[in-house]
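Take a look at the structure set out below.
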Amino acid sequence: QVQLVQSGAEVKKPGASVKVSCEASGYTFTSYYIQWVRQAPGQGIEWMGRINLNSGGTSYAQKFQGRVTMTRDTSISTAYMELSRLRSDDTAMYYCARGGGSYYSDYWGQGTLVTVSS
Amino acid sequence: QSALTQPAAVSGSPGQSITISCTGTSSDVGGYNYVSWYQQHPGKAPKLMIFDVNKRPSGVSNRFSGSKSANTASLTISGLQAEDEADYYCSSHTNNSTLIYVFGTGTKVTVL
């Protein structure tokens, strides 16, 4: 069965970077996109960007341009999202999700809580 | 790019039907048949309930249905059950140059 397993919770200081991993299994890794979204405590869902796991091509929300980098390692079926210059308002649950056939996410990781605090 | 607009809360009694609206623009909801709906229980990851406006993934109850008219999409839950109590988010592809997807503001469904 399709599974996305994310790395564990992180606590970072303002100005630092965080790198979250998303290990996929149960399907052909390079046949789909991985999307990254985040959800601040008690808030809605915000789309951050996506990566084409075959080509490595990326699309980022303008809000995160220059601060976010999405990569993948096809040898271990793992996608990564790195966010730099962290601020307190980056405190959120970060999710990876498999991009389905058109524009939807059919399988989701369990989430990674990133806390930014001095 | 603003989020798609959803009502903050919708409630219904067991067995009733409820509908959640999701209003966007011609650049997103109205321009494409790429609206999806997600259910999120507290502390859990979102779960895909509807994609491409009205398609249900395998395993999702047929009590959930989707539709769209102009710039507004809707999710209807019929035969409301206690387990349907959750937050629901719509999402749409958008041709806005700043992003590809936009999510709705979210709706809290309460089963009375």
Side-chain angles (χ1 to χ4, degrees), chain A residues 1-7 9 20 22-24 26-27 32-52 57-68 70 92-113, chain B residues 1-9 22 24 27-29 31-60 66 73 75 86-108:
Chain A
Q1 74 282 21
V2 175
Q3 278 195 303
L4 299 176
V5 179
Q6 298 183 222
S7 48
V20 179
C22 173
E23 181 179 2
Y27 72 98
Y32 294 84
Y33 288 82
I34 285 286
Q35 325 232 43
W36 291 90
V37 304
R38 73 178 188 180
Q39 188 171 33
Q43 302 301 308
I45 300 171
E46 182 174 33
W47 185 77
M48 299 180 69
R50 71 175 186 179
I51 179 169
N52 181 319
T58 54
S59 296
Y60 302 140
Q62 187 175 63
K63 175 178 178 176
F64 300 100
Q65 288 274 5
R67 282 211 303 146
V68 70
M70 296 177 187
M93 186 72 79
Y94 289 76
Y95 292 100
C96 65
R98 191 179 81 164
S102 59
Y103 293 95
Y104 57 90
S105 298
D106 55 359
Y107 291 92
W108 293 65
Q110 82 276 19
T112 296
L113 180 62
Chain B
Q1 170 76 39
S2 299
L4 305 175
T5 301
Q6 299 180 231
C22 169
S27 295
D28 39 65
V29 173
Y32 305 91
N33 288 324
Y34 293 137
V35 177
S36 50
W37 289 90
Y38 301 89
Q39 177 192 64
Q40 187 178 34
H41 287 108
K44 299 295 187 182
K47 174 187 175 184
L48 179 67
M49 305 302 285
I50 295 288
F51 66 98
D52 294 353
V53 175
N54 56 14
K55 298 181 173 67
R56 266 190 319 276
S58 174
V60 170
L75 174 72
D87 293 326
Y88 291 82
Y89 293 91
C90 62
S91 179
S92 174
H93 170 56
T94 175
N95 63 16
N96 185 294
S97 61
T98 65
L99 40 70
I100 292 176
Y101 291 80
V102 60
F103 280 89
T105 50
T107 298
K108 169 67 177 175

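It should be emphasised that the depicted structure is a prediction, and the values quoted were computed from it without experimental measurement. Values reported hereafter were calculated over all heavy atoms of this structure, with side chains retained and with hydrogens, waters and symmetry mates removed. Naming convention: chains lettered A, B, ... in sequence-line order (proteins, then strands); numbering from 1 in each chain.
Contact detail for B:Tyr38 and A:Ser105: the closest heavy-atom pair is OH-N, 2.9 Å. The minimum heavy-atom distance between B:Tyr89 and A:Gln43, with the atom names listed, is OH-O, 3.5 Å. The heavy-atom pair separating B:Ala45 from A:Gly109 by the smallest distance is CB-O, 3.3 Å. In terms of heavy-atom proximity, B:Lys44 sits nearest to A:Tyr95 at O-OH, 3.4 Å.
In this structure, chain B has a heavy atom under 4.5 Å from the backbone of A:Tyr60, while its side chain stays farther away. A:Gln65 does not touch chain B: none of its heavy atoms, backbone or side chain, sits under 4.5 Å away.
To the nearest 0.5 Å, the span separating CG on B:Leu48 from CH2 on A:Trp108 amounts to 9.0 Å. Rounding to the nearest 0.5 angstrom, the gap separating the NE2 atom in B:His93 from the CH2 atom in A:Trp47 is 10.0 Å.
Around OH of B:Tyr34, the count of heavy atoms belonging to other residues, nucleotides or ligands within 6.0 Å does not exceed 12.
Formation of a donor-acceptor pair under 3.5 Å by the A:Tyr103 side chain with backbone atoms of B:Ile100 is not found in this model.
In this structure, the side chains of A:Asp106 and B:Pro57 stay at 4.5 Å or more apart for every pair of heavy atoms.
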With side-chain contact (heavy atoms from CB on, under 4.5 Å) as the test, would you mind laying out the steps for B:Tyr101 and A:Val37 before giving the verdict?
-> CA-CA 10 Å; B:Tyr101 291 80; A:Val37 304; over 6 Å; no

